[in-house]
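Contents: one structure, followed by commentary.
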2 protein chains.
Amino acid sequence: MAERAAGSGVQSVERAFELLELITAAGGEVMLSELAASTDLPLPTIHRLLRTLMAKGYIRQLANRRYALGPGLIRLGTAASTQLGALAGAQLRSLVDQLGETANMAVLDADMALYIAQAPSKHSMRMFTEVGRRAHTHATGVGKAILAQLGDDAVRAIMARTGMPRPTTMSIGTVDDLLADLARIRERGYSIDDGEQEIGVRCFAMAVPDAPTPTAISVSGPVSRVDDAFAERAIPVLRAAAHSISSDLNPVA
Amino acid sequence: MAERAAGSGVQSVERAFELLELITAAGGEVMLSELAASTDLPLPTIHRLLRTLMAKGYIRQLANRRYALGPGLIRLGTAASTQLGALAGAQLRSLVDQLGETANMAVLDADMALYIAQAPSKHSMRMFTEVGRRAHTHATGVGKAILAQLGDDAVRAIMARTGMPRPTTMSIGTVDDLLADLARIRERGYSIDDGEQEIGVRCFAMAVPDAPTPTAISVSGPVSRVDDAFAERAIPVLRAAAHSISSDLNPVA
DNA sequence: AACTAACTTCCACAATGCGAAATAACGTGG
DNA sequence: CCACGTTATTTCGCATTGTGGAAGTTAGTT
């Protein structure tokens, strides 16, 4: 095999995670020989790695001999999600302090926007999105900010897989309309959800630059408060928060 | 080192996951030397494994040189959660078909009950718990069924970490009351949430035997429908579903 | 029952991962 | 600002671990 550079990784660990990613990409369930075809690794090598993952519950073998992701990954995943949420918590609370409306952070996960952190506003009537909830990307501010970081082909593929349900009459319903909106978002530097997820609620969202996974933050509230004047105040503050989170995610200068 | 048995795992992969679990257990953030103390592995070995995990985003290094879980684990975790949810889906739908009330499945995750699957009933008024939502274990049927699988010391430790908020006046508020209820649950073989999470809602839940992580399923609805007669019908059906899911999770005879 | 496909185990071999030693970087107190 | 202790990172010789071809086993299909 190619000589491995000093300072590079541990091959077996890389291979193990490659298998986990392949199983995830395949919908969570595969045959060993499918993994062999995807990786060019020999069957005994794959088997040994899977056996290691099975022993600790990261992989399960189904009755039909196929391999599936195991529950051991759930706690790692939610711990990671909590960690990232905690990292952003201070920035989101600062957004709420400055703008007075609820702030959220979401990541792209399995083609959906996964909310991983929230700082609620003090208003009695406020947006409440549960951490852990997943929403369609095309119908949310954070979702569109996330999609705007991807290429059109990737966006088309995601829409093909998830469909484009319309929570409200304001929701975008076609891929072409979505791509046009994403172009505007890229030009403007932020996304707007104008009653697309919920009538009467407006949301401004922005991508977190250089996040290890597509990530966005947002502020949202009723249109009576989240108006154009609010937008003028919010955009610079949102941008600063996004960059601050980006710096926290990427501490190397 | 001890000679490794034939058919055992890949040491490097085991070590890598051990480190991930230790970081998770430590709250998601550690120093390299803390990992060394916990594992007795030499620093260069730990460093090489962490470097491998960092390269693919499963680990991040913070500005303070500590190591944290990375976003790469989130998609593995949610994919695993979805997989398990899909596995139970058929059984939960069968429960709904037979009993007419909403069925849920949850796993213990970071001291909370994480809902990973649901089959809603056809009633207009029905329980709706979002998949991905986490609830306190002491105040839900699935949570108490999960806790009943643990020892009293483990339960005390969890309650110490999470606290015991009382969503309703019916909620259990002390560890002693909880332990007493858990003893009854173990004896009876199922748990009951009688308005503890939400007034007017009753829930029957049962542990899934031999699940790789503490897991429980439940049926729930308004007390007007979920009465004692319902319980008599529900308990055997719930038990059968729990065992069926257990068999699906553990295909080896 | 026979055949085929897929999975699992064995084992000789050498490449990878190991870990002691050395070096580098960071934080703190004077 | 500097010295020092602590923590992290890199190097490299070595041998243990992981590799993968061959063979054996199991499950599904005809």
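In the text below, chain A, chain B and the rest are named by the order of the sequence lines, each starting its count at 1.
In this structure, B/Ser12 reaches the sugar-phosphate backbone alone: every heavy-atom distance under 4.0 Å involves primed, P, OP1 or OP2 atoms, never a base.
A/His47 pairs by the ring-ring contact (aromatic ring centres under 6.0 Å, His included) definition with nothing, not counting sequence neighbours. A/Phe17 meets the ring-ring contact (aromatic ring centres under 6.0 Å, His included) test with B/Phe17, B/Tyr58; sequence neighbours excluded.
Inspection of the B/Ser94 and B/Gln98 side chains reveals an N or O donor paired with an N or O acceptor under 3.5 Å.
Atom CZ of B/Arg15 and atom C1' of C/dC18 are 8 Å apart (whole Å). Across the protein-nucleic acid pair, B/Asp40 atom CG and C/dG19 atom C1' stand 14 Å apart, rounded to whole Å. Following rounding to the nearest Å, A/Met54 (CE) and C/dT9 (P) show an atom-to-atom distance of 10 Å. One atom, CG of B/Leu50, and another, C1' of D/dT10, lie 15 Å apart when rounded to the nearest Å. Here the P atom of nucleotide C/dC18 and the CD atom of B/Glu14 are 11 Å apart, to the nearest Å. Per the geometry, CE belonging to B/Met31 stands 15 Å off C1' belonging to C/dA25, to the nearest Å. Protein atom CG of A/Leu53 is 16 Å distant from nucleotide atom C1' of C/dT8, rounded to whole Å. Atoms CZ (B/Arg66) and P (C/dG27) sit 13 Å apart, rounded to a whole Å.
Proximity note for B/Gln61 (side chain, C-beta onward) versus D/dG18, D/dT9, C/dG19: the nearest is D/dT9. Here the side chain of A/Leu43 is nearest to one of C/dT8, C/dA6, C/dG19, namely C/dT8. Closest approach to the A/Thr45 side chain among D/dG20, C/dG19, C/dT8 is made by D/dG20 (side chain taken as heavy atoms from C-beta onward).
The pair B/Lys56-A/Glu18 does not count as a salt bridge, with every side-chain nitrogen at least 4.0 angstrom from each carboxylate oxygen.
Judged by distance alone, with hydrogens and angles left aside, the side-chain atoms of B/Thr45 form no donor-acceptor pair with the main-chain N or O of B/Leu41 at under 3.5 Å. One N or O on the side chain of B/Thr102 and one on the backbone of B/Ser121 form a donor-acceptor pair closer than 3.5 Å.
Under 4.0 angstrom from either OP1 or OP2 of D/dA8 there lies no side-chain N or O belonging to B/His47. For A/Tyr67, a side-chain nitrogen or oxygen approaches OP1 or OP2 of C/dT8 to under 4.0 Å. The phosphate of D/dG18 has neither OP1 nor OP2 within less than 4.0 Å of any side-chain N or O from A/Arg51.
Comparing A/Val30 and A/Arg48, the nucleotide of DNA chain C nearest to each residue sits closer to the 5' end for A/Val30. Toward the 5′ end of DNA chain C lies the nearest nucleotide of A/Leu32, the other residue of the pair A/Val13 and A/Leu32 mapping further downstream.
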*Which is it for B/Arg186 and B/Asp152 under the salt bridge (charged side-chain N to carboxylate O under 4.0 Å, His left out) test, yes or no, and what are the steps along the way?*
CA-CA 12 Å; B/Arg186 291 186 192 106; B/Asp152 283 1; 3.6 Å; yes

*Which parts of nucleotides 21-28 of chain D does protein reach within less than 4.0 Å, heavy atoms only, written one letter per nucleotide 5' to 3' as B for base, S for sugar-phosphate only and - for none?*
BB---BS-

